[in-house]
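Here's the structure, in structure tokens; my notes come after.
Numbers restart at 1 for each chain; the letters A, B, ... are given by sequence-line order, proteins then strands.
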Protein chains: 2
Amino acid sequence: MASTPARHPPVMADVARAAGVSHQTVSRVLNDHPNVRPETRTRVLTAIDQLGYRRNLLARALVTKHSRTLGVVSFDTVLYGPASTVYGIERAAREAGYFVSIVSLRTIDRAGVRDAVDYLAGQSVDGVVVVAPQRSAARALADLPPDLPAVAVEGGHSGDVSVVSVDQAEGGRLATQHLLDLGHATVWHVSGPADWMEAEGRAEGWRATLRAAGRPVPEPLAGDWSPRSGYEAGRVLAGTDGVTAVFVSNDQMALGVLRAFAERGVRVPEQVSVVGFDDIPESAFFSPPLTTVGQDFGAVGRRSIEVLVRQIESSRAGPRERFVVPPRFVARASTAPLR
Amino acid sequence: MASTPARHPPVMADVARAAGVSHQTVSRVLNDHPNVRPETRTRVLTAIDQLGYRRNLLARALVTKHSRTLGVVSFDTVLYGPASTVYGIERAAREAGYFVSIVSLRTIDRAGVRDAVDYLAGQSVDGVVVVAPQRSAARALADLPPDLPAVAVEGGHSGDVSVVSVDQAEGGRLATQHLLDLGHATVWHVSGPADWMEAEGRAEGWRATLRAAGRPVPEPLAGDWSPRSGYEAGRVLAGTDGVTAVFVSNDQMALGVLRAFAERGVRVPEQVSVVGFDDIPESAFFSPPLTTVGQDFGAVGRRSIEVLVRQIESSRAGPRERFVVPPRFVARASTAPLR
DNA sequence: GTATGCGTTGTTAGCGTTCACAGTCGTGCT
DNA sequence: AGCACGACTGTGAACGCTAACAACGCATAC
């Protein structure tokens, strides 16, 4: 009966002994090296199986200099958008054979992003994905360690990292054009926070579409993504003459707008049409069901990992890439032709 | 001018050379060992600073057997509840000095959980948090590696791991009692999926409260957490006589119920009172604003990390603990006294 | 028969850190 | 003076793995 030398998990040397080969041969089998005799390979494999051996990835990372771990820096991962993006990233990374280490920031500023990346770099991540939807965060991309592969999600084009994002301006255009096509003279806008690039992009698409159609551009109302801010904007709009169409920068705020309108007796879509953005799972069941613009967060996550992994696995001086995922318009019951 | 020996990041030996000490002394400074002369310490510290040295956590983990990384296995991290929980876990872990490696499962079954834990164990995590709200996932806790510190969130009491959870039954009781106090003869229920323990707990609290008050217990309607399933349940309830109060197992389904009622001309709360569960950010702006039961996910995250870290840092044969976080009732406008 | 080559295996030396142990020095005691 | 003891520091050997090289056997070629 073989003495059990230790209660510690078996290491490569144990496998080697059991299979009657050297530890290096075990390593070769594990790493699919070509020149191992089939018979030897199976002997090693059965030894691995019998001992329940699992290779120590830490030791491997120490010598290969690759941890096969990716860092993700995100912000407010409770919001639907960031949560979905991070989910997509995690899934794609795992499919590509990478672990994911996550840091969620409360406030996203230059120092915060830098600290988070430092923290992750200390853990020897092979690369980082920074979900940087705010202008301040995008600026922080400029002082990433230059030798660390990185990709920004929704990060704008500052700094020299690759960027994957949804075409927010196109989304704003789709929403606004839809409302104009319904016969509305112009479209009001409830925007997201000023420093968010997504908010800017959506507002820009809205403004450009109105301009191109030769319509007046009303002063946008500023929100902060929260239902409450939408509610407050909605109260203002309900008390403003001539408002027949509103493009709200996200679905949560649109919910607030609908609520304010309901309280004031403004009927949607009969009197005012409302379009949101994000297509959260709830929006199909708002009262009325919300016309909105959907984003494919899964695609964003997949793309970003694709770009990052390519950057890691090729020479690291890869050219920065730029990937734009198109939004998709979702028509529901909160919009109607002007009568 | 000191020659730069390599473009590689500096290691402990480089610092030692610069400070004129041995690598071991550098290690001692880094680990706050007591017996280092203050002058030597500052010399080492300045050398570290000058070289921009950062200690290699991989090498450290290899020898100490502690990676200071925690694994998190979760399910459907796009939902508000799991997303918030994971967020709380991540934050608490980082504050405790641990990294967090996340695996998000699509389907959560015994094999899935085991694979995920194996995967994480291969990365040498010091412990795992399993967010296991489904009965099948809770069962999977039984075959976790016995020597791996673990804590289950919302995981029931099967297996012998510590559990942190919100008192779902108490939440169900609060909701139901509130409706009874308003004078309703009984309370209908739209439940979550059958195999979710949270759904079970809430239903149990509801049922027990009705029984204790000697009220009839209507057959619950089964949902799947989605707004759509709530909508369908709502249509059934709208067509059922004698329904004056409904306790819905989460806010998303409650939204669907409200929508169905609105379509059928059932006025809330005048004709029917509705209570949800979760207190998602949107629910204050539903039409009408939703009375609901909130869960402190942040507390759940903090507690679970607390328990896990204690288990890791003490002898690993810690007794399994059980932590219950109380829910909190949130009164809004979707409930009213029966007239 | 020796040379050349390839397929296969083993040996050795790291990767960057911590741990165990062994020094060295100065201080206080007998 | 001699000794013990504490504070401080250095040396060597791990941790578990892969990379580089060396060595072996055997076939093929000259």
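Between D126(B) and R68(B) there is no salt bridge, since no side-chain nitrogen of the basic residue lies less than 4.0 Å from a carboxylate oxygen of the acidic one. Under 4.0 Å is where a charged nitrogen must lie from a carboxylate oxygen, and between R310(B) and E321(B) at least one such pair does. Taking a cutoff of 4.0 Å between a charged side-chain nitrogen and a carboxylate oxygen, E306(B) and R302(B) do not qualify as a salt bridge.
Contact detail for T77(B) and A83(B): the closest heavy-atom pair is O-CB, 3.2 Å. Here the closest heavy-atom approach between residue A59(A) and residue L62(B) is recorded as CB-CD1, 3.7 Å.
Within the 6.0 Å centre-distance limit, the rings of F99(A) and Y119(B) are counted as a close aromatic pair.
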Protein within reach of the bases, or only the backbone? For nucleotides 16-24 of chain D, mark each nucleotide 5' to 3' as B, S or -, using heavy atoms under 4.0 Å. BBBBB----
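Using a 4.0 Å cutoff to heavy atoms of chain A, the contacted part of DNA chain C runs 5' to 3' from dT8(C) to dG16(C).
Backbone-only contact: T25(A) has heavy atoms under 4.0 Å from sugar-phosphate atoms and none from a base.
An OP1 or OP2 oxygen of dC8(D) is reached within less than 4.0 angstrom by no side-chain nitrogen or oxygen of T40(B).
The backbone N or O of V36(A) sits nowhere less than 3.5 Å from a side-chain atom of T40(A) that would complete a donor-acceptor pair.
In this structure, the separation between CD on Q50(B) and CG on L45(B) is 11.5 Å, given to the nearest 0.5 Å.
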